[in-house]
Amino acid sequence: MLNAVLAAFVLAFAAPLVARHMPRQVGTIAALLPAGIFVWLLNQAEMALGPGVVERWPWSPLPGVALTFRLDGLSLLMALIISGVGALILFYAGAYMHGQAQAGRLYALLLAFMASMLGLVLADNLIALFVFWELTSITSFLLIGWHFQEERSRAAALQALIVTGGGGLALLAGFVLIGLVGGTWEIAELSAQAGTLQDSVVYLPILLLLWLGAASKSAQFPFHFWLPGAMVAPTPVSAYLHSATMVKAGVYLLARLSPALGGTSEWSLLFMVTGLVTLLLGGWLSLKQNDMKRMLAYSTVSSLGLLVTLLGLGTKLATEAAALYLLAHALFKGALFMVAGAIDHATGTRDLRRLRGLAGALPTSALAAGLAGLSMAGLPLLAGFAAKEFIYEAALFSGGGVWILTLLLLAGNVAFVVVAQQMTLRIFAGASLSFESFHAPAIPLWLAALVPGALGLALGLLPDVTATLAGAAARAIYGAPVTIHLFVLPGSVTPMLLLSALTIAAGILLYRRRVQLEPWLNWLDQGARLGPEGAFQRLVEGLPHFAARVTALQQNGRLRSYVLWIVGTWLLLLGLTWALRGGPGLPANLLVRLSDLRFHELILVLVILAGLASVMLANTLMTLIVSLGVVGIGTAIVFILFGAPDLAMTQFSIETLGVILFVLVLYRLPGVVRLSPRRTVLRDSILTGLAGAVITLMILIITDLPLVSPLKTWFAGASEPLGHGHNVVNVILVDFRAIDTLGEITVLGIAAIGIFALLKLRPGRKVAEGKDGP
Amino acid sequence: MEVALAIVIGALYAAGLYMMLRRSMVKLIAGLVLLGYASNLLIFVVSRLTRARPPLVPEGAQGIAEPFADPVPQALILTAIVIGFGLQAFALVLVRRAYQAVNNDDLDQVTASDRPDLQQ
Amino acid sequence: MTSIILVVATRLIFPLMLMFSLFLLLRGHDAPGGGFVGGLMAASAFALFALATSVTRARDALRRSTFRLIGIGLLFAFVSGLPGLFAGSPFLRALWTSTELPVIGKLSSVLLFDTGVLLVVVGVTLTIVFAMAEADEEEEE
Amino acid sequence: MLPILIPFLMAILSIINWGNRVLHRFLALAGSVGLLFAALALLTTVNEQGILSSNIGDWPAPFGIVLVADLPAAIMILMAAIVGLAVLVYATASMDKGRERFGYYPLILLLLMGMCGAFLTGDLFNLYVWFEIMLIASFALLALGGSRAQLEGSVKYFALNLLVSAFMLTGIGLLYGMTGSLNLAALAQTLRAAGPEQPVTTVAIFFMIAFGIKAAMFPLYFWLPASYHTPPVAVSAIFAGLLTKVGVFALIRVFTLLFVQDTAWTHGLLLAGAALTMLSGVLGAMAFDDIRRIFAFHIISQIAYMVLGLALFVPMALAGTIFYMVHHILVIVSLFLVSGLIARAGGSYFKAQLGGLYGTRPLLALLFLVPALSLSGVPPLSGFWAKLTLLRVTLAQELWLVAAIALLVGLLTLFSMVRIWLSAFWGPPGPAAASVTPMRAGERRALYGSTLALVTLTLALSLFAGPAFELAERASEQLLDPAGYIAAVLGEGS
């Protein structure tokens with residue numbers, strides 16, 4: 001299975017190359033791979049329908065993450081759809097995209113998407129599944145934005161990515177929680193311990209996170225709006241990603257996890273409500289669309305809602321219905337999209353109001369659309385019929401609230417019937433119109449649509465095949481053996497049959513009266529536009545403004561404000577620490593310790609403090625520099641008094657040099673002006689005064705503690721015998737801690753380079769070769 | 001003396017930070033210099049003070065008799081002073097060049113490089 | 001602008017300052033002093049020389065570019081650490097010769113290190129002073 | 001020792017031969033290749049033999065200065081070497097003559113040397129010295145060229161980073177006053193035995209602030225966005241990749257080795273800081289149009305994930321932090337190099353001035369997309385594995401709010417990256433494209449080659465996340481087992 005996924009990725013990279021050299025055949029060549037995978041899957045079907053095929057690969061980026069693949073009934077069904085529709089789409093795209101610039105990239109992205117999607121449905125490890133899940137979002141993003149020079153495409157791509165990406169992150173959190181509770185990310189193992197998961201305190205959060213992920217991906221309310229937007233992509237993309245496969249990922253996930261998490265009342269409530277709302281909303285919105293693709297997209301939203309409802313219901317019958325509908329929908333919706341694309345290609349428009357009587361011009365497309373439309377409407381002999389029968393049966397045998405549920409499903413299905421008529425009767429029947437730029441479509445454009453249309457009929461006529469395939473999928477969802485009994489034509493009149501008939505009748509009636517309905521439809525459409533989609537737009541547009549405002553508050557360009565933040569944070573943290581964790585008390589014997597102060601020392605202290613005051617009050621540069629010098633020399637004298645002659649010497653010489661530099665460098669600057677208002681000065685004084693007090697306190701506390709310095713004793717003893725020097729400080733500097741000194745002179749060297757470059761290298765000044773030597 | 005010096009050091013820190021909070025570039029440098037003095041003195045004082053007994057081994061002796069000043073902080077401070085000097089020299093030249101570029105000593109005018117663009 | 005007295009005084013003081021710088025370097029191991037202070041002293045000598053004459057003359061008197069001085073100083077410090085490294089001990093292992101020379105005392109890798117410090121300090125200080133002086137001249141032009 | 005000495009020697013030789021551009025280039029490339037080999041050798045040795053320690057000058061341990069190579073240090077040195085080499089190659093084709101002549105190459109070498117020293121040192125004051133080397137080298141690099149924006153950025157960078165030095169020196173002084181030692185291992189021992197009367201936690205706050213500024217945490221990060229977009233790309237890329245990581249590394253070092261007396265409090269503060277930093281960083285990124293400034297703010301928000309791992313303080317989380325550092329170094333340097341390429345190909349650093357590069361420069365689009373998605377944590381790229389690890393621990397510790405913020409910031413990061421994509425790569429060609437000159441072959445080779453190499457490494461890290469994560473796990477075990485560090489430095493039985 002890995003080989004299939006990898007092969008598709010590899011071919012994806014090769015596709016642009018193939019497209020460059022064989023622009024005419026590239027679609028067909030690319031289609032060979034999914035076709036091959038399709039055949040291989042059929043080959044594996046017997047095993048898959050039985051015990052399932054498991055593959056483990058020794059690749060584990062993190063503990064607990066593994067590349068495990070499992071082919072069972074559900075993944076087989078999905079994989080067949082993915083590879084089958086994939087082959088047709090690539091074949092179709094070969095004709096659809098012919099002659100367009102950078103078509104190679106489209107094949108590459110489609111193949112990469114297919115690989116990701118296959119990985120998604122085959123993976124049996126939640127994290128591996130998630131990896132593929134996100135890859136489908138990314139490829140979808142790139143495909144939606146295919147016409148990247150158009151603003152509309154970019155906006156739609158962004159919308160799709162942020163909605164599905166955000167949902168994806170929620171899903172990830174859910175997966176991590178599942179892993180923490182269940183102790184594993186292997187889906188098979190999780191399915192075996194549903195009890196642990198469902199009894200956990202985080203069951204509800206997990207469910208909600210899962211809901212966010214699945215609902216955003218499968219375009220459920222209130223995240224449905226990205227899908228119609230995604231219709232700006234080329235039609236092969238819409239047909240493949242946004243109707244047949246990717247949007248089913250959320251549904252697939254629910255199906256996959258329903259053995260582990262499903263069956264609770266929370267599960268049913270959450271997903272049935274979501275599904276039903278989406279079903280009705282999507283159906284309603286599909287009625288008023290004039291753009292074929294948008295109409296199909298809303299209808300897809302509605303279908304996805306139906307699937308979610310069924311999975312939420314979770315009974316045996318409901319899972320059977322879901323499996324059947326999944327299959328039927330992929331076929332008829334894929335076909336209808338491709339028909340829409342062919343019409344667009346031939347006539348240059350997708351507007352339903354401008355299309356009529358195409359049957360004569362596009363007979364083969366009409367046939368494909370007819371088959372698909374009949375299946376969609378749920379007429380007997382076609383796959384869609386069986387699915388609808390099961391949907392109603394599941395509703396009728398659901399237990400509480402039967403009538404409400406049945407009624408809502410009926411309403412949803414009526415909308416499908418209307419859409420089916422729009423896609424067949426409305427466009428193909430009647431007197432034909434003439435189009436200026438009409439050209440007959442190439443063979444792939446109708447053939448690729450006819451195949452799934454015909455398959456819908458074939459599956460309807462071969463109930464055993466359909467039952468086996470869907471039954472195996474339903475078994476994987478339901479978690480217990482399931483056998484579906486299907487029939488070509490119903491043998492007796494059942495309530496389900498009556499409901500089906502009612503659906504179709506209502507659909508026809510509604511289609512005929514659609515003109516009278518329009519004001520109603522418009523009203524609801526406005527609401528939907530202002531709702532979630534509007535909120536999303538406001539968020540996306542408002543966020544940068546909000547960010548700029550917040551950032552401008554902090555990053556305001558004023559250095560003093562930055563310093564204030566830092567000093568404030570430091571004091572705050574210290575304050576919190578002392579308040580909450582017990583601070584050090586003031587040492588008790590301060591007066592005793594103060595009494596050892598000698599007279600000359602007192603004078604020195606006063607001089608330093610006076611110098612300091614003078615620094616702060618200075619209003620000419622000279623005063624400032626001289627006062628700084630006083631403080632510096634005062635410090636040097638402290639060093640002399642307390643046995644540090646080396647320090648004093650260094651401090652003196654540095655002080656002298658510093659003053660010279662100060663004068664040399666700064667004499668051109670203006671005098672020191674006072675710029676801050678009184679209030680700022682007061683605030684700063686209090687804050688810095690506090691900082692100083694903290695430092696004083698720290699010194700007092702620490703010097704009050706006993707200190708045994710092993711270093712002092714050792715250095716004093718080792719200096720002469722081992723270091724051959726009498727000046728311990730110097731021996732430390734050049735020998736014991738010589739690497740510090742090495743670093744120190746390196747700092748000096750770099751400073752020299754920096755200063756030199758600052759002074760000599762200036763923008764706009766030409767530096768003559770050889771003249772810049774120091 | 002420790003207590004008195006502790007107060008001095010506290011005052012040095014306070015003054016250093018205060019000067020850094022001003023708008024003038026020259027005062028900024030003065031603040032940095034003061035902070036340098038302050039941290040050096042702090043290291044000196046918290047390592048305990050010993051009056052007038054430099055850590056020099058007398059001729060012919062193998063070690064020094066207690067009490068004597070701790071040589072370790074002295075070595076550290078020496079390194080720190082020299083590094084501080086290098087930084088101070090760089091700072092001076094930088095400020096001068098910045099002054100030339102902006103043509104103003106007021107740090108509040110030095111904001112071209114980091115405010116977000118609110119028109120966006 | 002340069003006064004005669006300054007020039008003459010500099011002529012006299014310049015060699016004295018250099019000698020004192022050397023003295024500080026050599027005695028540093030046993031008494032207050034050392035490469036850093038010695039370097040500052042030598043640098044002051046050249047700075048004074050530049051003040052009395054001109055930067056160009058001072059550069060000539062130095063005979064080497066100031067960056068070369070920094071580089072060589074760093075190289076001295078670096079090389080003084082190598083013998084230990086090659087002898088199988090860690091970097092900067094101090095080595096001492098047993099013979100005592102007049103004035104200089106015992107030769108050692110430590111002395112080489114301290115000389116490196118001196119050279120760097122001279123180089124750095126003079127780089128700054130010269131570059132400042134030259135920048136001033138240019139701005140006045 | 002070699003990782004320090006090789007760049008040092010090359011820098012010295014460059015300084016001696018000042019002004020010789022060609023020689024400087026050669027020495028810098030030789031130095032970084034040498035550094036790369038030394039780093040590989042060091043990592044292999046440490047991986048096989050455990051923590052190595054070398055007493056400089058052969059003076060016994062708590063007295064002299066020791067260099068200690070444990071796995072985290074060795075990994076970081078390797079990353080520094082890789083980034084150094086890539087950026088230097090990039091610089092050969094993008095640096096202007098003036099900067100090349102005025103010491104760009106030796107300054108980069110010295111910066112690398114300072115970093116290696118900071119990673120290796122086992123002595124607190126020596127750490128300060130290495131920090132200063134890094135600092136002054138970065139000052140010089142930042143201001144090199146002397147444009148107005150550079151000078152303005154430098155003043156802020158300078159002032160705030162000197163505040164770091166002051167805080168750090170104060171902290172070192174206070175610690176020495178309490179314990180009488182500077183050696184990290186000895187300090188670790190003494191502080192563990194410290195009584196309640198010792199204000200250890202208070203001193204820890206000093207270091208938290210100092211390294212917090214350095215690591216660019218909220219609300220201490222202002223220096224970074226004020227300055228990182230001002231110098232040429234070959235300077236800001238190396239800053240972006242490594243400088244803040246040194247701060248994170250120092251935080252990790254002292255908050256695993258020294259300050260573990262009151263982890264509920266100190267690491268709780270780090271946790272809160274990390275969450276706030278994530279948010280404010282990503283918001284900042286959305287406020288700007290200049291791609292480099294966007295990336296600069298993303299550094300801040302990503303740094304927070306690394307601090308988060310430290311704050312969670314369990315082996316898995318610290319392993320996540322180390323993995324995250326490696327990932328982020330590769331990714332952010334790639335992005336900065338890409339920003340240079342974008343400006344070269346599209347004529348501007350500003351989103352609004354750009355457009356249509358997806359159509360005209362597919363390779364560049366790919367080179368942007370991979371690190372950008374990795375930064376946002378899109379699987380299966382390296383950033384995803386890093387975030388997943390941290391998310392797992394955060395949720396396991398039931399820190400719901402922090403987990404939610406971490407996820408939200410991931411989404412906002414993606415949003416921010418996609419915004420760049422939408423306007424620079426998609427959309428109609430931008431107005432700035434007119435000024436673009438075609439690239440010479442040699443230029444193309446150096447610029448694309450170095451970027452491609454880093455992006456390939458990101459992909460390799462994504463693909464071989466398993467072995468890389470195992471290494472990070474072993475590194476994190478070393479961090480959380482100070483006894484091993486102490487024994488390696490002070491000898492067994494101490």
Side-chain angles (χ1 to χ4, degrees), chain A residues 60-62 130-131 134 138 145 148-149 154 158 161-162 165-166 169 173 176-177 180 543-544 547-548 550-551 555 559 562 565-566 569-570 573-574 577 581 584 698 701-702 707-711 714 735-740 743-744 746-747 750-751 753-754 757-758 761-763 767 772-773, chain D residues 19 56-57 59 63-65 98 101-103 110 126 129-130 132-133 136-137 139-140 143-144 146-147 156 159-160 163 174 177-178 180-181 199 201-202 205 209 219-220 222 225 265 283-284 286-287 358 378-380 385 389 391-392 395-396 407 410-411 414-415 418 422 426 428 465-466 469:
Chain A
S60 171
L62 289 181
F130 183 77
V131 170
E134 291 290 85
I138 298 292
F148 61 83
Q149 304 214 329
R154 294 200 297 275
L158 176 70
L161 182 68
I162 296 302
L169 284 175
V176 171
L177 282 177
L180 287 172
L543 205 54
V550 172
T551 308
Q555 197 78 25
L559 179 60
Y562 304 164
W565 272 97
I566 290 174
T569 309
W570 169 55
L573 291 192
L574 276 183
T577 307
R581 291 279 148 167
M698 290 300 294
I701 293 164
I702 287 180
L707 170 70
V708 191
S709 171
L711 267 62
W714 190 86
D735 198 346
F736 295 133
R737 297 183 64 95
I739 199 163
D740 274 352
E744 162 202 318
T746 312
V747 169
I750 303 172
I753 297 177
L758 261 179
L761 179 67
R762 301 183 184 188
V767 182
D772 55 337
Chain D
I56 297 297
W59 302 111
F63 309 114
I65 292 173
R101 296 176 60 80
F102 278 90
L110 291 166
N126 194 236
V129 174
W130 294 120
E132 297 302 301
I133 292 182
I136 186 90
F139 290 154
L144 191 65
S147 72
K156 290 164 196 167
L160 297 180
L163 219 46
L174 294 175
M178 273 161 57
S181 53
T201 312
T202 311
I205 300 290
I209 294 285
L220 316 166
F222 306 106
W265 176 245
L283 282 180
M286 258 180 281
Y358 179 62
V378 170
W385 305 118
T389 310
L391 182 68
R392 174 146 73 162
L395 286 176
L407 283 172
L411 182 64
L414 181 66
F415 180 50
V418 171
L422 290 183
W426 282 357
F469 191 77

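Quick caveat, the model's predicted, so the values are computed rather than measured. By convention in this document, chain letters (A, B, ...) are assigned in the order of the sequence lines, proteins followed by strands, and residues within each chain are numbered from 1.
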Here the pair of heavy atoms bringing A:Pro710 nearest to D:Phe63 is O-CE2, 3.8 Å
Would you mind checking which part of D:Leu110 comes under 4.5 Å of any heavy atom in chain A, side chain (CB onward), backbone (N, CA, C, O), both or neither? side chain
Kindly indicate whether the side chain of D:Phe415, heavy atoms from C-beta on, has any atom under 4.5 Å from the side chain of A:Leu158. yes
For residues D:Ala143 and A:Leu758, report the shortest heavy-atom separation together with the two atoms involved. CB-CD2, 3.8 Å
On the 0 to 90° scale, with breaks at 30° and 60°, tag the A:Tyr562-D:Phe222 ring pair as parallel, tilted or perpendicular. parallel
Less than 4.5 Å to any heavy atom of chain D: does that hold for the side chain of A:Leu169, its backbone, both, or neither? both
Where does D:Leu163 contact chain A at under 4.5 Å (heavy atoms): side chain, backbone, both or neither? side chain
Check each atom of D:Phe139 against the heavy atoms of chain A and say whether the ones under 4.5 Å are side chain, backbone, both or neither. neither
Chain A contacts, top residue of D:Val378, D:Leu160, D:Thr201 (heavy-atom pairs, under 4.5 Å): D:Leu160
At a heavy-atom separation under 4.5 Å, does A:Ile701 approach chain D through its side chain, its backbone, both, or neither? side chain
What option among D:Leu414, D:Leu422, D:Val418 has the most heavy-atom pairs under 4.5 Å with chain A? D:Leu422
Honestly, the part of D:Ile209 sitting under 4.5 Å from a heavy atom of chain A is side chain
Chain A heavy atoms under 4.5 Å from D:Ala159: which part of the residue, side chain, backbone, both or neither? side chain
A:Arg737 versus chain D, the contacting section by heavy-atom distance below 4.5 Å: both
If you take all heavy atoms of D:Ile136 and A:Val747, which pair is closest and at what distance? CG2-CG1, 4.0 Å
Output the option from A:Gly165, A:Ala173, A:Gly145, A:Ala757 having the highest count of non-hydrogen pairs under 4.5 Å with chain D. A:Gly145
Between A:Leu180 and chain D, with a heavy-atom cut-off of 4.5 Å, which part of the residue counts as in contact: side chain, backbone, both or neither? side chain
Smallest heavy-atom separation, D:Val129 atom then A:Glu744 atom, equals CG1-N, 4.1 Å
Nearest heavy-atom contact between D:Thr202 and A:Met698 is CG2-SD, 3.5 Å
Report the relative orientation of the aromatic rings in D:Trp426 and A:Phe148; use parallel for angles under 30°, tilted for 30 to 60°, perpendicular for over 60°. parallel
Output yes when a side-chain donor or acceptor of D:Trp385 lies under 3.5 Å from a complementary backbone atom of D:Pro380, and no otherwise. yes
Per-residue contact mode, A:Ser60 against chain D (heavy atom under 4.5 angstrom): backbone
